Protein chains: 2
Amino acid sequence: MVERISDAEHEIMEVLWKRSPLTATEVADQVVDQKGWSLQTVKTLLSRLAAKTVVGTQRDGRRFLYSPLVERDHYLAGVSRKFVDRLFGGKISPLVAHLAEADELSAEDISEIEELLRELKS
Amino acid sequence: MVERISDAEHEIMEVLWKRSPLTATEVADQVVDQKGWSLQTVKTLLSRLAAKTVVGTQRDGRRFLYSPLVERDHYLAGVSRKFVDRLFGGKISPLVAHLAEADELSAEDISEIEELLRELKS
DNA sequence: TTTAATCGACTACGGTTGTAAACAGTAGAT
DNA sequence: ATCTACTGTTTACAACCGTAGTCGATTAAA
C-alpha cells in the first residue's frame with residue numbers, strides 16, 4: 001500500500017514525476033509562482049514525502065536530489081480505486097453518469113472513452 | 001461551493017441520504033456496528049456537519065432530527081470534478097484508462113458505460 | 001418526587017495538513 | 001580567515017480529523 005499523499009504533497013509529486021531527480025530549489029521554481037508557496041514550504045513538503053519514503057533522496061554535495069519512489073501510474077491506480085469505492089460503490093459507471101449529467105463530458109472525452117472501450121474489448 | 005466533508009462525515013451523510021430526518025441515535029444504529037464507532041462519535045460528526053450547514057436540524061422535544069441540506073448528486077458531482085481535475089487534468093478518459101489497465105473494469109461496467117455514452121450522443 | 005436514562009454541548013487529545021520562520025552547517029567568495 | 005548565500009533540519013502553529021469522555025439539562029419511569 002502506498003502511503004497517503006496530501007493535496008499539497010501531490011503537487012510536488014507531479015513535478016518530480018515530470019522530471020527527476022531535482023533539487024528542492026528546482027522543484028520550488030516550478031510551483032512557487034503558480035501556487036504562491038514559499039521555498040520553505042516546498043522543502044517541508046519534500047521532507048515529509050521523503051519521511052514517507054515516497055520520494056528518495058540522493059546527496060549531491062551539500063544538497064539533495066529528490067526522485068519519486070512510487071510510479072505515478074501505481075499511485076493513481078490506488079487512489080482511483082479508493083475514490084470509486086468510497087463514492088460510487090466501486091463501480092465506475094455511476095461516476096461517468098455523474099460527470100455526464102453535470103455536462104462535464106465533452107464530445108472529445110466521449111470519443112476517447114469509446115476508443116478505450118473498443119480497445120479493451122479486442 | 002459545498003463545504004468539505006471528511007471521510008467519516010461522509011459515512012453519516014450516506015445514512016441521511018438514504019433516509020431522513022433521523023435522530024442521532026437512529027443514525028448511530030446504522031453505523032456503530034459496521035464502523036465500530038461509539039454513539040458519541042456519531043453525535044460529534046453530526047454536530048460538525050450541522051456546523052458546516054450541510055445537514056439541518058429540527059427540534060423534536062429534547063432531541064434533534066437531522067436531514068441533509070445538500071443533495072447527494074450535487075455533492076458527488078463536486079467531488080468528482082475536483083478529483084478528476086486534480087489527478088487527471090480534468091479529463092475522465094485517463095481515469096477510465098487507469099481502471100481499465102488495472103483490470104478494474106468488468107465486462108458489465110464496459111457495457112454500462114457504452115450504454116451511457118450512447119444515450120449522451122442521442 | 002426522586003431517580004435513572006437520554007440529549008445535545010463542551011472539552012479533549014493525538015495525528016495530519018498547509019504554511020512557513022528560525023536555525024545550523026557548509027561551500028564558495030573575498 | 002571571514003563572511004555570505006544556500007542547504008536541509010527543527011520548530012511552530014492554527015485548522016481539520018478521528019475518536020470519544022464528561023457535563024448539565026430534561027424527560028420518562030418508579
Side-chain angles (χ1 to χ4, degrees), chain A residues 1-16 20-67 75 79 82-83 86-87, chain B residues 1-16 20-67 75 79 82-83 86-87:
Chain A
M1 186 69 92
V2 178
E3 296 276 349
R4 157 101 194 132
I5 294 175
S6 79
D7 278 19
E9 288 164 1
H10 180 230
E11 288 299 325
I12 305 293
M13 290 306 286
E14 287 295 343
V15 172
L16 289 176
S20 74
L22 293 180
T23 68
T25 310
E26 284 168 337
V27 171
D29 283 344
Q30 290 183 58
V31 289
V32 157
D33 285 353
Q34 189 201 347
K35 306 288 291 181
W37 292 338
S38 81
L39 171 62
Q40 291 313 314
T41 298
V42 173
K43 286 183 186 175
T44 299
L45 294 172
L46 280 169
S47 296
R48 288 180 182 169
L49 287 167
K52 288 179 194 172
T53 60
V54 58
V55 314
T57 57
Q58 171 190 354
R59 252 233 149 73
D60 172 40
R62 64 174 152 168
R63 66 218 171 136
F64 279 140
L65 295 176
Y66 299 88
S67 327
Y75 172 71
V79 290
K82 265 194 57 178
F83 175 78
R86 191 165 86 82
L87 275 83
Chain B
M1 187 70 93
V2 177
E3 295 275 348
R4 156 101 193 132
I5 294 175
S6 79
D7 279 17
E9 288 164 1
H10 180 229
E11 288 301 325
I12 305 294
M13 290 306 286
E14 287 295 342
V15 172
L16 290 176
S20 74
L22 294 179
T23 67
T25 310
E26 285 168 336
V27 171
D29 284 343
Q30 291 182 57
V31 288
V32 158
D33 284 355
Q34 188 202 347
K35 305 291 290 181
W37 291 339
S38 80
L39 171 61
Q40 291 314 315
T41 298
V42 173
K43 285 183 186 174
T44 298
L45 293 172
L46 280 169
S47 296
R48 288 181 181 168
L49 287 168
K52 287 179 194 172
T53 60
V54 57
V55 313
T57 58
Q58 171 190 353
R59 252 228 150 76
D60 171 40
R62 65 171 152 167
R63 67 218 171 135
F64 280 140
L65 295 177
Y66 298 89
S67 326
Y75 173 70
V79 290
K82 263 193 59 177
F83 176 78
R86 191 164 85 83
L87 276 83

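Since the model is a prediction, treat every value here as computed from it, not as a measurement. All chains are named by letter (A, B, ...) in the order of the sequence lines, taking the proteins before the strands, and each is independently numbered beginning at 1.
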Requested in this report: Test for a donor-acceptor pair under 3.5 Å between the base of C/dA20 and the side chain of A/S38, counting only N and O atoms.
Outcome: no
Requested in this report: Dump the intermediate steps for side-chain contact (heavy atoms from CB on, under 4.5 Å) on B/R63 and B/T25, then the final yes or no.
Outcome: CA-CA 10 Å; B/R63 67 218 171 135; B/T25 310; over 6 Å; no
Report task. Mind listing the residues from residues 27-37 of chain A sitting with a heavy atom below 4.0 Å of DNA chain C? Number order is fine. Result -> A/G36, A/W37
Query raised in the report: How about B/Q58 and B/F64: do any of their side-chain heavy atoms sit closer than 4.5 Å?
Result: no
Report task. Find the distance between CG (B/L39) and OG1 (B/T44) and round it off to the nearest 0.5 Å. Result -> 9.5 Å
Query - Span of DNA chain D, from the first to the last nucleotide whose atoms fall under 4.0 Å of chain A heavy atoms - result: D/dC6 to D/dA12
Report task. Please step through side-chain contact (heavy atoms from CB on, under 4.5 Å) for the pair B/K35 and B/T41, ending with a clear verdict. Result -> CA-CA 11 Å; B/K35 305 291 290 181; B/T41 298; over 6 Å; no
Query raised in the report: Do A/Y66 and A/E26 have side chains that get closer than 4.5 Å, going by heavy atoms?
Result: no
Query raised in the report: Is there side-chain contact between A/F83 and A/V79, with at least one heavy-atom pair below 4.5 Å?
Result: no
**Report entry** Nearest-Å distance for atom pair CD/C1', residues A/E9 and C/dG15
**Finding:** 13 Å
Query raised in the report: Are side-chain heavy atoms of A/W37 and A/I12 found at a separation under 4.5 Å?
Result: yes
**Report entry** A/H10 and B/L87, any side-chain heavy atoms less than 4.5 Å apart
**Finding:** yes
Query raised in the report: Starting at CG of B/L39 and ending at P of C/dT6, how long is that distance when rounded to a whole Å?
Result: 10 Å
Query raised in the report: Do B/V54 and B/E9 have side chains that get closer than 4.5 Å, going by heavy atoms?
Result: no
Query raised in the report: In whole Å, what is the span from the CZ atom of B/R86 to the P atom of C/dT17?
Result: 11 Å
Report summary line: Nearest-nucleotide check on DNA chain C, A/G61 vs B/T25; residue mapping nearer the 5' end is B/T25
Query raised in the report: Is B/R62 touching bases, backbone alone, or none of the nucleic acid, heavy atoms closer than 4.0 Å?
Result: base
Query raised in the report: Contact class for B/T41 (heavy atom, under 4.0 Å): base, sugar-phosphate, or nothing?
Result: base
Query raised in the report: For DNA chain C, what residues of residues 46-59 of chain A have any heavy atom nearer than 4.0 Å?
Result: A/R48, A/K52
Query raised in the report: How close or far is atom P of C/dC7 from atom CG of B/L22, stated in whole angstroms?
Result: 13 Å
Report task. Tell me what B/T23 touches on the nucleic acid: a base, only sugar-phosphate, or nothing, going by heavy atoms under 4.0 Å. Result -> nothing
Query raised in the report: Roughly, in whole Å, what's the span from CD1 in A/I5 to C1' in C/dT17?
Result: 14 Å
Report summary line: Rounded to the nearest 0.5 angstrom, the CZ-CD distance for A/R86 and B/E11 is 7.5 Å
Report task. Quickly work out the B/K43 NZ to C/dA9 C1' distance and round it to whole Å. Result -> 10 Å
Requested in this report: I would like to know whether A/L16 and A/L46 meet side-chain contact (heavy atoms from CB on, under 4.5 Å); could you show each step before the answer?
Outcome: CA-CA 10 Å; A/L16 289 176; A/L46 280 169; 4.1 Å; yes
Query raised in the report: Considering only C/dT17, C/dA22, C/dG18, which nucleotide approaches the side chain of A/D7 most closely?
Result: C/dG18
Query raised in the report: Heavy-atom distance under 4.5 Å between the side chains of B/T23 and B/L65, does that happen here?
Result: yes
